[in-house]
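One structure below.
Each chain gets a letter, A, B and so on, in the order the sequences are listed, and its residues count up from 1.
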Amino acid sequence: MLVISYIREHREEVIERLAIKNFTNVALIDEILKLDDERRAIKKQCDETLAGLNNNARVIGDLYKQGKAAEANELKAKNNEMKDLAKTLNDRLEELQQVIQTKLVEIPNTPRIDVPKGTSAADNVNVHQEGEMPQLYEGAKPHWELLSQYNLADFDLGNKVTGAGFPFYKGKGAKLQRALINFFLDEASAAGYNETQPPVVVNEASAYATGQLPDKEAQMYAVPLDGFYLIPTAEVPLTNMFRDTIVKEEQLPIKTVGYSNCFRREAGSYGKNVRGLNRLHQFDKVEIVEIANPVGSYDRLEAMKNHVAGLLRKLELPFRILHLCGGDMSFTSATTYDFEVWSAAQQLWLEVSSVSNFETFQANRLKLRFKDKNGNIQLVHTLNGSALALPRIVAALLEDHQTPEGILIPKALQKYTGFDIIS
RNA sequence: GGAGAUAUGGCUGAGUGGUCGAUAGCGGCGGUCUUGAAAACCGUUAAGCCGAAAGGCUUCGGGGGUUCGAAUCCCUCUGUCUCCGCCA
């Protein structure tokens with residue numbers, strides 16, 4: 001959620017930056033500003049009325065002490081009238097605040113000024129690419145065939161027990177999953193992230209604070225009896241840890257890593273995008289979250305990118321980094337880089353990580369702030385990234401490292417798997 | 001799941017209807033003293049909103065109510081603790 005005072009004071013700049021995201025509803029912005037003007041005027045009136053009431057209450061008390069009951073009663077009657085006015089004003093104030101809030105959350109985050117213009121994934125800018133794209137031998141297979149050939153995962157069994165998109169991992173497939181999780185967590189710890197194991201269900205307030213609610217409700221599985229939601233990413237609990245808190249400047253940056261199952265309904269997905277491990281309803285992910293000082297937060301973003309790139313390098317997977325254009329980045333992000341690995345048999349780039357700086361957009365909703373050296377309280381910047389999402393990594397590992405003899409496990413992972421080939 | 005207790009500022013802990021945003025201690029910050037530090041002493045130390053400022057308003061777990069006036073009384077929800085039950 002944007003900071004309304006910032007919009008008020010930088011209207012032109014906000015409009016210009018939102019245009020990068022192809023958001024051109026200037027009327028909405030002006031409507032919010034107009035409502036805010038009214039809000040402030042009503043607020044003033046309301047406060048003055050309340051001040052009068054408070055003052056009278058004090059006078060009434062004094063009058064009683066002096067034994068002047070008649071005068072006190074007179075003033076009481078007057079106060080009762082003023083209370084009606086205060087109530088009316090306060091109701092209007094609350095109504096305005098609510099309306100402003102619901103309209104404000106419809107405005108996306110302002111992209112950083114250097115975000116590429118564009119309308120779709122085709123306009124994303126490839127800023128980095130490395131690793132050799134393997135030339136597969138005759139008879140090489142897509143990962144879903146490899147999964148069943150080596151008995152690594154069972155989709156039919158998942159269908160029976162739960163439904164589509166909930167596979168069982170088995171044997172070396174299950175061990176590979178576990179190895180990757182441990183590998184990612186260890187790498188993150190070594191990079192200074194505090195390991196955390198978060199709850200995988202969260203309450204409504206948390207889902208709201210990180211922006212899953214109100215408009216992405218259909219993407220989440222819900223537990224209506226208890227008012228809970230299954231998390232679509234560990235970002236939700238890992239960021240909500242810091243909801244409604246004020247940290248000290250010297251504590252920044254606060255770096256957290258957590259592994260979790262992630263649950264996504266993925267309503268509307270179909271076809272080759274959901275084939276095999278490409279898109280699941282339940283998957284595993286290690287997420288890194290950083291609470292940063294606004295000064296230097298883009299250096300922190302670079303550090304996150306380097307961390308993710310290092311993981312892919314150690315897994316010996318060819319990858320590229322895309323600077324997402326305005327039209328393809330998320331509602332809440334100010335800058336996003338996507339990491340994609342090359343899926344050699346599918347001949348597809350698969351997104352395995354999305355690293356973003358949200359600047360103050362999330363922090364404003366979270367009420368996550370820090371006290372600077374002068375004692376001023378400011379919103380922090382929040383950043384997060386996947387490091388990494390498992391299924392597509394598994395897909396790429398299987399496809400890119402397949403040989404006629406079996407699937408070769410990258411060196412860095414072998415101490416975690418305990419085997420160097422799946423055959 | 002049943003019964004009882006409890007919820008106050010960074011922490012501990014007073015406060016049962018009238019200048020209470022709140023006594024006190026600890027912690028933090030600033031200062032005096034000191035070559036320096038410690039001790040001692042003095043001062044300072046919650047957040048949000050409106051306002052150029054002065055200042056005003058709101059907030060004592062959340063919500064609602066009684067009253068001219070609520071941290072204080074009533075209702076309700078939630079969390080925590082203790083006992084019982086169940087249980088990985």
Side-chain angles (χ1 to χ4, degrees), chain A residues 1-9 32-105 197 199-209 213 223-229 237 240-252 254 261 291 360 362-380:
Chain A
M1 188 168 66
L2 292 176
V3 178
I4 197 160
S5 58
Y6 190 87
I7 305 178
R8 206 187 318 145
E9 285 154 28
I32 288 170
L33 289 178
K34 199 173 153 222
L35 287 166
D36 191 49
D37 284 342
E38 192 189 344
R39 190 197 117 249
R40 288 187 292 156
I42 298 275
K43 165 80 175 154
K44 194 169 175 235
Q45 262 189 63
C46 189
D47 282 359
E48 282 167 3
T49 309
L50 289 171
L53 279 169
N54 289 339
N55 194 48
N56 284 348
R58 237 165 288 161
V59 173
I60 289 166
D62 290 343
L63 287 173
Y64 272 122
K65 274 178 203 160
Q66 294 163 27
K68 297 177 182 170
E71 283 178 53
N73 286 334
E74 204 175 302
L75 205 49
K76 270 195 202 179
K78 199 177 156 198
N79 248 17
N80 279 331
E81 280 171 40
M82 273 172 73
K83 271 165 79 176
D84 291 341
L85 175 63
K87 177 100 171 70
T88 308
L89 289 169
N90 192 53
D91 286 352
R92 177 64 184 151
L93 191 62
E94 281 177 9
E95 188 188 347
L96 279 167
Q97 278 165 348
Q98 179 121 33
V99 173
I100 290 168
Q101 175 84 356
T102 55
K103 289 187 187 295
L104 201 54
V105 299
Q197 197 174 62
V200 295
V201 293
V202 295
N203 59 29
E204 206 173 295
S206 295
Y208 181 81
L213 293 178
V223 187
L225 195 59
D226 297 294
F228 291 152
Y229 292 89
N240 271 284
M241 286 168 75
F242 303 101
R243 171 151 51 89
D244 284 321
T245 56
I246 298 174
V247 301
K248 292 185 187 130
E249 184 168 17
E250 56 267 28
Q251 288 176 269
L252 300 174
I254 299 172
N261 296 123
I291 314 292
T360 59
Q362 270 189 336
N364 189 33
R365 255 212 242 191
L366 287 163
K367 295 208 198 66
L368 169 50
R369 295 157 294 171
F370 74 100
K371 191 174 267 192
D372 68 24
K373 291 187 178 72
N374 301 320
N376 297 320
I377 288 171
Q378 304 180 41
L379 292 168
V380 301

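For the contact set between residues 44-59 of chain A and RNA chain B, defined by any heavy atom under 4.0 Å, the members are A/D47, A/L50, A/A51, A/N54, A/A57. The stretch residues 84-93 of chain A has no heavy atom under 4.0 angstrom from RNA chain B at all.
B/U6: Watson-Crick or G-U partner is B/G79, with both key distances under 3.5 Å. In this structure, B/G51 forms no base pair with any nucleotide, since neither Watson-Crick nor G-U wobble geometry is met with both distances under 3.5 Å. Shown here, B/C41 forms a base pair with B/G31; the pair counts as Watson-Crick or G-U wobble because both key distances fall under 3.5 Å.
Distance check on atom P: B/G63 versus B/A3 gives 27 Å, rounded to whole Å.
Residues meeting the side chain to side chain donor-acceptor pair (under 3.5 Å) test with A/N90, sequence neighbours left out: A/E94. For A/Q101, the side chain to side chain donor-acceptor pair (under 3.5 Å) partners at least two apart in sequence or on another chain are A/Y208. A/E204 meets the salt bridge (Lys or Arg N to Asp or Glu O under 4.0 Å) test with no other residue; sequence neighbours excluded. Remark: A/S206 pairs with A/N203, A/R243 by the side chain to side chain donor-acceptor pair (under 3.5 Å) rule, at least two apart or across chains. Every ring-ring contact (aromatic ring centres under 6.0 Å, His included) that A/Y6 has, sequence neighbours left out, goes to A/H10. By the side chain to side chain contact (heavy atoms under 4.5 Å, CB included) test, A/M241 pairs with A/T196, A/L238, A/T256, sequence neighbours left out.
Among residues at least two apart or in separate chains, salt bridge (Lys or Arg N to Asp or Glu O under 4.0 Å) pairs with a member in residues 40-52 of chain A are A/D36-A/R40, A/D37-A/R40, A/K43-A/D47. Sorted by first and then second residue, the salt bridge (Lys or Arg N to Asp or Glu O under 4.0 Å) pairs with a member in residues 63-85 of chain A form an empty list; sequence neighbours excluded.
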Report task. Show your working on side chain to side chain contact (heavy atoms under 4.5 Å, CB included) between A/E95 and A/R92 and close with a plain yes or no. Result -> CA-CA 5 Å; A/E95 188 188 347; A/R92 177 64 184 151; 3.5 Å; yes

Which atom pairs, one a donor and one an acceptor, fall under 3.5 Å between side chains of residues 52-59 of chain A and the rest of the protein, sequence neighbours left out?
| from | atom 1 | to | atom 2 | distance (Å) |
| --- | --- | --- | --- | --- |
| A/N54 | ND2 | A/L50 | O | 3.4 |
| A/N56 | ND2 | A/N79 | OD1 | 2.9 |

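You can see that RNA chain B meets the heavy atoms of chain A within a 4.0 Å-exclusive cut from B/G18 to B/G69, reading 5' to 3'.
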